[in-house]
Amino acid sequence: MTAVTASTASTAATASAPASVTAVFVRLKLSLMRNGLKGSSKRKAAWITSLVFALVVGFFVTLGLAMLHGNAHAGTVVVLLAAILALGWAFMPLFFPTGDETLDPSRLVMLPLRPRPLVRALLASSLVGIGPLFTLCLAVGSVIAVARGAAGVAASVVAVPLLLLGCVALARAVATANVRLLTSRKGRDLALLSGLLIAVGAQLVNFASQRLFQTGGLSQLEPAEAVVRWLPPATAVGMVDSASKGSYGVAAAQLALTVGALALLLWSWERSLTKLMVTPDGSTIAAAKPEKDRSGGGFWSLLPAGRTGAAMQRTLRYAVRDPKTKSAWVTALAIGLIVPVFNALQGTGSLYLACFGAGMLGVQMYNQFGQDTSAFWMVAQTISTPRDAYVELRARACALALVTVPYTVFVTVVTAALVGNWSGFPAALGLALALLGAMLCTGAVASARYPYSIPTDGAFKNVAPGQGGLAWMGIFGGMLASALIAAPVIALTIWLNVADLQDVSWLVLPLGVAWGTLATWAGLRLAAPTVARRLPEILLAVSKG
């Protein structure tokens with residue numbers, strides 16, 4: 001009887017014992033992944049495709065890294081690869097915060113959880129997913145490439161989990177420290193600007209690869225690798241390389257640095273979690289401070305009075321506040337400068353590539369009413385005559401020119417300085433301004449004849465379903481028409497260069513300014529009656545998203 005009672009009590013105590021927080025979080029992560037695939041065949045197909053793609057790419061990358069075994073530059077490649085992998089883990093959650101909803105620990109602040117067990121639980125659950133699986137493949141391939149001898153193999157067994165844990169802990173620490181940003185409107189703006197960083201990164205990779213192959217191959221990376229191998233978590237791979245070469249003291253130092261950095265990351269992550277759980281956010285703090293007067297003053301007081309100034313201010317505020325408009329503007333500003341500058345740095349540049357910057361920003365004139373999305377109906381209430389439409393379009397063109405004209409001058413100056421061709425500066429600037437005016441002209445006409453809706457949801461959805469033809473027709477047709485409108489200035493510039501008449505090439509600058517201004521005025525005059533006549537159709541077209 002006593003034995004039965006003791007057994008029953010022991011069983012009851014075991015049943016009432018709290019489950020491990022780590023195990024619960026791992027099961028929750030698996031449940032989130034499983035439930036996310038239910039009820040949506042598109043989501044399931046996307047997840048399966050991502051998994052297969054990650055496995056296939058991971059297999060071939062691992063195989064390629066393994067084939068580097070014995071290569072003199074294998075250590076350089078895998079150490080730099082580990083550093084790039086860590087950078088990706090650190091910053092990608094900032095630009096794609098919606099990719100993993102468990103990145104937001106603020107959802108757990110009401111639960112009775114202490115930070116240290118929570119760190120362990122979140123770290124374990126973070127190891128479940130496609131990203132950690134792909135990272136594991138790269139880590140295995142990296143250590144295979146450099147591991148030699150018993151010491152190298154032993155170091156590899158330690159290096160793989162250290163590299164994986166270092167990447168995941170780095171991502172979690174950065175995401176937790178910026179969780180307020182990730183869940184705010186600024187965080188969504190940051191996600192939309194990720195396309196800009198990808199474009200800039202592509203240009204940097206292209207430039208670096210060309211310089212690399214022109215200057216002697218992978219040996220040029222050895223100075224960078226000598227520094228990076230001492231930066232955690234790349235030190236984990238560097239440790240394997242050092243142990244394989246018999247540098248046991250260096251390997252021990254790199255191991256200590258890797259473990260110390262991991263411990264520091266976990267400590268920083270725990271502090272961020274503690275601060276997050278005890279610090280109130282803006283929604284729990286009374287709005288005691290009076291709001292600032294945002295109606296005018298400062299820069300806005302310099303704009304014209306009346307409808308023109310109000311419309312210019314609205315357009316410029318959209319460029320600063322609306323995520324998609326901001327993304328389009330910043331991308332155009334960056335790419336318009338990167339293309340001529342990078343070509344000049346590679347020795348293949350031309351002063352006339354400065355026109356690329358004017359063209360990138362000139363495209364922002366297209367689909368002016370679609371950029372307003374559903375708010376355009378408020379603007380439409382104020383347009384009843386061709387005169388109203390003309391003033392509205394003129395204000396939008398002036399707002400664009402307020403940024404684009406100084407920007408075009410700046411890009412042309414930088415390009416001229418890099419290529420060393422100041423004698424051609426006036427002609428290049430005149431041609432760029434003429435092209436800008438032509439694009440403002442055709443952009444106004446395209447906005448009136450080919451408006452389309454820009455969806456508010458989705459970072460990369462810029463055209464509503466079924467309106468792709470309108471977008472292509474307006475943008476590419478307008479760009480072709482712009483080239484035809486600016487053809488006289490283009491022909492004059494070509495003739496002056498072919499005839500080697502550099503002494504009079506400065507005439508292209510005043511001619512380009514006058515031609516661009518005239519083209520803009522003509523385009524606005526031509527588009528205004530169309531806008532007034534087709535206002536209901538425009539309103540319907542831009543509201544479909």
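Owing to the predicted nature of the structure, the values given are computational and were not obtained by experimental measurement.
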Any sub-3.5 Å donor-acceptor pair from [X]'s side-chain atoms to [Y]'s backbone N or O?
X: Ser447; Y: Tyr366; result: no
X: Thr62; Y: Gly141; result: no
X: Ser242; Y: Met239; result: no
X: Ser272; Y: Ala173; result: no
X: Ser244; Y: Val146; result: yes

List the atom of [X], the atom of [Y], and the distance in Å for their closest heavy-atom pair.
X: Pro340; Y: Gly336; answer: CD-O, 3.1 Å
X: Ala159; Y: Val240; answer: CB-CG2, 3.4 Å
X: Trp269; Y: Leu123; answer: CH2-N, 3.6 Å
X: Gln364; Y: Ala332; answer: NE2-CB, 3.8 Å
X: Ala83; Y: Val228; answer: CB-CG1, 3.4 Å
X: Val79; Y: Ala234; answer: O-CB, 3.8 Å

Minimum side-chain heavy-atom gap [X]-[Y] below 4.5 Å:
X: Leu136; Y: Leu127; result: no
X: Val158; Y: Leu255; result: yes
X: Ile335; Y: Phe356; result: yes
X: Arg396; Y: Phe369; result: yes
X: Asn367; Y: Tyr450; result: no
X: Phe60; Y: Leu55; result: no
X: His69; Y: Arg148; result: yes
X: Val174; Y: Trp89; result: no

Out of curiosity, [X] [atom1] to [Y] [atom2], how far, rounded to the nearest 0.5 Å?
X: Leu51; Y: Leu133; atom1: CG; atom2: CG; answer: 7.0 Å
X: Leu540; Y: Phe376; atom1: CG; atom2: CZ; answer: 12.0 Å
X: Thr258; Y: Leu163; atom1: OG1; atom2: CG; answer: 9.0 Å
X: Gln368; Y: Thr315; atom1: CD; atom2: OG1; answer: 6.0 Å
X: Asp241; Y: Ser247; atom1: CG; atom2: OG; answer: 8.5 Å
X: Arg27; Y: Thr22; atom1: CZ; atom2: OG1; answer: 10.5 Å

Problem - Candidate list Arg114, Arg116, Arg120, test salt bridge (Lys or Arg N to Asp or Glu O under 4.0 Å), partner Glu270, passing option - result: Arg116
Practice task
Test Phe53 against Ile48 for side chain to side chain contact (heavy atoms under 4.5 Å, CB included), laying out the working first.
Solution key: CA-CA 8 Å; Phe53 179 78; Ile48 294 175; over 6 Å; no
Practice task
Check the side chains of Thr235 and Trp230 for a donor-acceptor pair under 3.5 angstrom, ignoring hydrogens and angles.
Solution key: no
Practice task
Using side-chain contact (heavy atoms from CB on, under 4.5 Å) as the criterion, point out the one residue from Ile144, Val143, Val237 that pairs with Val78.
Solution key: Val237
Practice task
Go through Trp329 and Val320 one step at a time and tell me if the side chain to side chain contact (heavy atoms under 4.5 Å, CB included) criterion holds.
Solution key: CA-CA 9 Å; Trp329 274 69; Val320 174; over 6 Å; no
Practice task
Apply side-chain hydrogen bond (donor to acceptor under 3.5 Å, both in side chains) to Ser126 and Arg172, showing your working.
Solution key: CA-CA 8 Å; Ser126 298; Arg172 281 291 184 175; 2.5 Å; yes
Handout entry: Verdict with supporting geometry, Leu28 and Ser125, side chain to side chain contact (heavy atoms under 4.5 Å, CB included)
Key = CA-CA 8 Å; Leu28 283 174; Ser125 63; over 6 Å; no
Practice task
Show your working on side chain to side chain contact (heavy atoms under 4.5 Å, CB included) between Leu81 and Leu65 and close with a plain yes or no.
Solution key: CA-CA 10 Å; Leu81 178 62; Leu65 291 173; 3.7 Å; yes
